[in-house]
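These notes are about the structure you will find just below.
Note that ligands are numbered from 1 as they come in the structure, with each ligand's atoms numbered from 1 the same way.
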Amino acid sequence: MSAPWWQWVASKDSLTTRLTVAGDIKAFRVQLLRQTVGFPLRDEALALGIAPRRYAWLREVALCVGNKPWVVARSVAPLSQLQGKGLEGLGERSLGSWLFRQPDLVRGPLYATRHQPRFVVEQSALLADSVWGRRSVFQHSGLSLLVQEYFLSSMADDLDLPSR
Ligand SMILES: C=C(O[C@@H]1C=C(C(=O)O)C=C[C@H]1O)C(=O)O
């Protein structure tokens, strides 16, 4: 991985904040693609340490800067752990902004991937064009939340980042 990409992929602070800063005067916006209850994918269940047939909260978003999707993200949490967290009504507000306000937040290791995301295929405007992907599990008062983020080539173009 090139050094400029490492700065993005390996950073453990809020991606929402980083994108807001990098976008400069171009507006940052969370576009909600899907928020639903369902079963996690096998590898997601494994990452969370839960059974694959356990109901989970699934949230998919595009993080847009100046109306262009720079990152697509899918977050997964066991439904039973979400009680009282008030995340159902999050809508187009950033999950990251909420997470990083939690005083007891712990972030697990980051894992990088060159795979394309599997969740946005039906969104033609976002047709998987990921340069790097990553995932990590956040822990906050009994909640384990898997966040998977894929950095898209439109971000590389706008920020003049290398191809990988
Ligand atoms: C984890 C963060 O949250 C971001 C915001 C998300 C959302 O609103 O669903 C999802 C993943 C992240 O890209 C962050 O900002 O670091």
Side-chain angles (χ1 to χ4, degrees), residues 1 4-24 26-38 40-41 43-44 47-48 56-79 81-82 85-123 125-126 128-156 158-159 161:
M1 186 182 300
W5 271 113
W6 179 262
Q7 298 290 323
W8 282 99
V9 178
S11 69
K12 297 193 92 182
D13 51 3
S14 165
L15 182 61
T16 300
T17 304
R18 277 181 181 259
L19 291 174
T20 308
V21 172
D24 198 14
K26 287 183 251 147
F28 168 80
R29 170 170 104 87
V30 175
Q31 183 191 355
L32 185 62
L33 304 175
R34 197 157 83 102
Q35 191 174 287
T36 188
V37 170
L41 298 170
D43 61 296
E44 293 172 335
L48 283 166
W57 181 71
L58 309 171
R59 173 177 162 90
E60 297 175 357
V61 299
L63 307 177
C64 303
V65 176
N67 272 332
K68 264 200 253 170
W70 278 16
V71 174
V72 287
R74 171 172 157 111
S75 302
V76 184
L79 197 58
Q81 297 176 4
L82 274 182
K85 301 280 189 299
L87 287 178
E88 307 78 8
L90 195 61
E92 301 211 316
R93 281 170 298 148
S94 160
L95 175 61
S97 305
W98 177 84
L99 269 177
F100 282 93
R101 278 201 308 273
Q102 308 310 313
D104 62 342
L105 185 71
V106 175
R107 184 173 206 167
L110 279 161
Y111 298 94
T113 178
R114 288 174 64 164
H115 285 139
Q116 298 296 316
R118 283 157 299 167
F119 56 93
V120 285
V121 276
E122 70 274 26
Q123 308 273 340
L126 298 170
D129 195 8
S130 158
V131 181
W132 286 105
R134 67 175 192 177
R135 65 163 42 167
S136 69
V137 176
F138 289 90
Q139 311 275 356
H140 149 63
S141 58
L143 170 69
S144 296
L145 183 74
L146 171 69
V147 175
Q148 306 164 98
E149 296 154 327
Y150 294 85
F151 299 86
L152 306 180
S153 59
S154 51
M155 172 175 164
D158 284 355
L159 294 180
L161 294 166

Polar contact flag for Phe100 and ligand 1 (N/O pairs, less than 3.5 Å):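 By distance alone, the answer is no.
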
Gly96 N/O to ligand 1 N/O under 3.5 Å: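 N/O-N/O distance under 3.5 Å: yes.
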
Considering only the protein, which heavy-atom contact is closest to [atom], and what is its distance?
atom                    : value
atom 1 (C) of ligand 1  : Glu149 OE2, 3.7 Å
atom 10 (C) of ligand 1 : Ala73 CB, 3.8 Å
atom 6 (C) of ligand 1  : Leu95 CB, 3.8 Å
atom 15 (O) of ligand 1 : Thr16 OG1, 2.5 Å
atom 9 (O) of ligand 1  : Arg59 NE, 2.7 Å

Within-shell test, Val71 vs ligand 1, heavy atom, strictly < 4.0 Å: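 Under 4.0 Å: no for Val71.
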
Please give me the minimum heavy-atom distance between [X] and [Y], naming the atom from each residue.
X      : Y      : answer
Arg59  : Gly91  : NH1-O, 2.9 Å
Pro78  : Leu48  : CD-CD1, 4.3 Å
Ser144 : Gln139 : OG-OE1, 2.9 Å
Val76  : Gln148 : CG2-NE2, 4.0 Å

Considering the heavy atoms of [X], write down every atom of ligand 1 situated less than 4.0 Å from one of them.
X     : value
Leu15 : 13 (O), 14 (C), 15 (O), 16 (O)
Leu63 : 13 (O)
Ser94 : 5 (C), 8 (O)

Electrostatic pair Arg107:Asp13 at N-O distance under 4.0 angstrom: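 Between Asp13 and Arg107 there is no salt bridge, as every charged N stays at least 4.0 Å from the carboxylate O atoms.
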
Electrostatic pair Glu44-Arg74, nearest N-O below 4.0 angstrom: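 Looking at Arg74 together with Glu44, the answer is yes, because their closest N to O distance falls below 4.0 Å.
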
Aromatic contact, Trp132 with His115 (centres under 6.0 Å):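 No; His115 has its ring centre 6.0 Å or more from that of Trp132.
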
From Leu143, Leu105, Thr16, residue fulfilling side-chain contact (heavy atoms from CB on, under 4.5 Å) relative to Leu99: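 Exactly one option meets the side-chain contact (heavy atoms from CB on, under 4.5 Å) with Leu99, and it is Leu105.
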
